[in-house]
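Written below as structure tokens is the structure these notes are about.
Just so it is clear, the model here is predicted, and its values are computed rather than measured. Labels below follow one simple rule: chain letters A, B, ... track the order of the sequence lines, proteins then strands, and each chain is numbered from 1.
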Amino acid sequence: MRKDLFGALLQCEPLFVNKEVMRPAYTPDFLPHRDAQTDQLASILVAALRGDTPSNVFIYGKTGTGKTAVARYVGKELIKKGEDLDRRVHFIYINCEVIDTQYRVLQNIANHFVKEWKDRVPFTGWPTDEVYAKLKTNIDAEGGVTVIILDEVDKLKGDEVLYNLSRINSDLVRAKVSIIGISNDLKFTEFLDPRVRSSLGEEAMIFPPYDADQLKDILYQRAEEALKPDVVSEGVIPLCAALAAQEHGDARRALDLLRVAAELAEREGSPGVDESFVRMAQNKIEIDRITEVVRTLPTQSKLVLLATLLGEEHSDGGGLTTGEVYDIYKDLCKASGVDILTQRRITDLVSELDMLGIITARVISKGRYGRTREIQMSTPIDSTKVVLQEDELVAGVMGVKPRKQLRLI
DNA sequence: AATCCACTGGAAAATACGGGCC
DNA sequence: GGCCCGTATTTTCCAGTGGATT
């Protein structure tokens with residue numbers, strides 16, 4: 001019987017002062033290398049402080065380029081200034097990945113202005129147009145200018161909300177609304193209704209990825225706030241920055257690396273973070289990602305993945321062709337009693353897995369012997385296997401040996 | 001230069017799924 | 001429970017395709 005389970009763990013010297021600072025949700029007060037974007041957005045939104053309607057803005061940029069941080073920061077400052085000047089300025093942030101239906105978006109905005117519980121719009125039960133009407137009366141009763149940020153707009157199901165929100169101003173008497181859409185998909189607007197596109201895209205901003213030096217600055221700044229002084233060795237931050245810069249300059253990625261590295265160091269009771277922990281962190285993040293992706297894969301895709309995995313294990317290196325994977329897949333299906341999908345469909349599943357980065361599939365031509373894809377695992381076989389094992393059905397056929405096909409090559 | 005393999009990937013048709021309604 | 005309708009997935013069909021081989 002261990003008496004002091006947590007005691008020993010608490011004895012370890014913590015490396016963090018404030019872990020929150022390293023989390024993706026944190027909005028810092030200072031955004032290095034984003035002055036231009038901050039200024040631009042602010043210059044669009046000042047209109048709100050003068051009581052005018054600011055233009056709607058569309059913000060593009062890859063993940064981890066500071067879109068959300070800049071928008072939230074400018075919003076925070078806007079409210080602050082609004083209070084100083086005694087102007088009614090509201091700022092609503094909605095992440096459309098979490099709140100992804102028309103009803104819930106409207107409900108959220110409507111409830112932002114409600115103080116009493118009894119006046120709130122319920123989660124369900126109201127017709128959507130009634131929520132919209134309620135939203136309008138609420139906003140109008142409050143007056144002033146409301147800035148609504150829709151983060152990850154591309155995740156929104158259907159574009160009705162966007163259409164409704166973009167023309168809400170014409171239905172309002174006292175209040176004004178402006179919308180900021182944030183997306184990491186540059187082609188997102190192409191699929192939108194032209195009317196929505198033109199009204200939403202009055203102003204467009206593009207956030208370029210950070211380069212390694214800029215990432216370094218960001219990391220130094222955050223590390224200073226989040227970690228105890230002098231716990232990070234010299235090369236650690238440049239290494240994190242360099243690794244993240246390879247992955248299209250994603251700041252979130254860089255911060256994750258540093259945070260996980262520090263967490264690992266802390267857990268091991270190490271007095272500081274050195275480069276080996278960064279390597280470990282990179283490994284851990286990669287495995288966590290694969291685990292997450294593989295776990296949520298549909299059964300058929302798991303079988304295709306397993307087929308590739310087994311094929312690779314039993315072949316003498318080199319890539320497998322689509323035909324070979326399909327043969328193994330068919331055996332697996334028979335062994336587990338799952339319907340066999342057509343080869344055409346498997347082609348698509350293979351490209352899906354390729355997109356997710358679990359396998360690599362490239363089209364090659366074997367000349368006379370046809371054109372096919374060369375399929376390879378791009379993840380460590382063992383850890384992938386462990387995750388696949390979690391699925392009972394898949395685990396059942398794990399031991400199936402791929403029949404050696406008589407193929408003359 | 002012509003052939004021809006073993007697929008790819010587009011398109012249409014068929015089927016399955018889900019939610020609203022009576 | 002049954003019906004309808006719109007959407008999503010899967011199958012069927014088929015016209016390419018790159019390049020080693022002839």
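Between G370(A) and R373(A), the residue whose closest nucleotide on DNA chain B is further toward the 5' end is G370(A).
Spacing between atom CD1 of I364(A) and atom C1' of dC5(B) amounts to 13 Å, rounded to whole angstrom units. To the nearest angstrom, P of dG9(B) lies 14 Å from CZ of R345(A). As rounded to whole Å, 15 Å separates atom C1' of dA12(B) from atom CG of D348(A). Straight-line distance from the CD atom of E374(A) to the P atom of dT8(B): 13 Å, rounded to whole Å. In this entry the distance linking OH of Y369(A) with P of dA6(B) reads 8 Å, nearest Å. At whole-Å resolution of the value, CZ in R368(A) and C1' in dA2(B) are 10 Å apart. Distance CZ (R371(A)) to P (dC7(B)): 12 Å, rounded to an integer number of Å. Put simply, CG on D327(A) is 12 Å from C1' on dA6(B), counting in whole angstrom units.
A tilted orientation is assigned to the rings of F58(A) and Y60(A), their planes being inclined by 30° to 60°.
A sub-4.0 Å separation between OP1 or OP2 of dA6(B) and a side-chain N or O of S365(A) is absent. Residue T347(A) places at least one side-chain N or O closer than 4.0 Å to OP1 or OP2 of dT8(B).
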Between side-chain atoms of residues 174-182 of chain A and protein atoms elsewhere (two or more places apart, or another chain), which donor-acceptor pairs fall under 3.5 Å?
unit_1: R174(A); atom_1: NH1; unit_2: D140(A); atom_2: O; d: 3.0
unit_1: R174(A); atom_1: NH1; unit_2: A141(A); atom_2: O; d: 3.1
unit_1: K176(A); atom_1: NZ; unit_2: G51(A); atom_2: O; d: 3.4

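In this structure a side-chain-to-backbone donor-acceptor pair under 3.5 Å is present from S270(A) to G272(A).
Judged by distance alone, with hydrogens and angles left aside, R344(A) brings a side-chain donor or acceptor within reach of the base of dG10(B), the pair sitting under 3.5 Å.
For the 3.5 Å distance criterion, the side chains of D151(A) and T68(A) qualify, holding a donor opposite an acceptor.
The nucleotide range of DNA chain C contacted by chain A, defined by atoms under 4.0 angstrom from heavy atoms of the protein and reported 5' to 3', is dT10(C) to dT22(C).
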What verdict does the salt bridge (charged side-chain N to carboxylate O under 4.0 Å, His left out) test give for R259(A) and D256(A), after you've listed the backbone C-alpha separation in whole Å, the side-chain angles of each residue and the deciding distance to 0.1 Å? CA-CA 5 Å; R259(A) 178 174 52 83; D256(A) 274 346; 2.9 Å; yes

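Within 4.0 Å (heavy atoms only), L341(A) reaches sugar-phosphate atoms of the nucleic acid but no base atom.
Counting non-hydrogen atoms of other residues, nucleotides and ligands closer than 6.0 Å to CD of E224(A) gives a total of 12 or fewer.
Applying the ring-ring contact (aromatic ring centres under 6.0 Å, His included) rule to Y210(A) yields no partners; only residues at least two apart in sequence or on another chain are considered.
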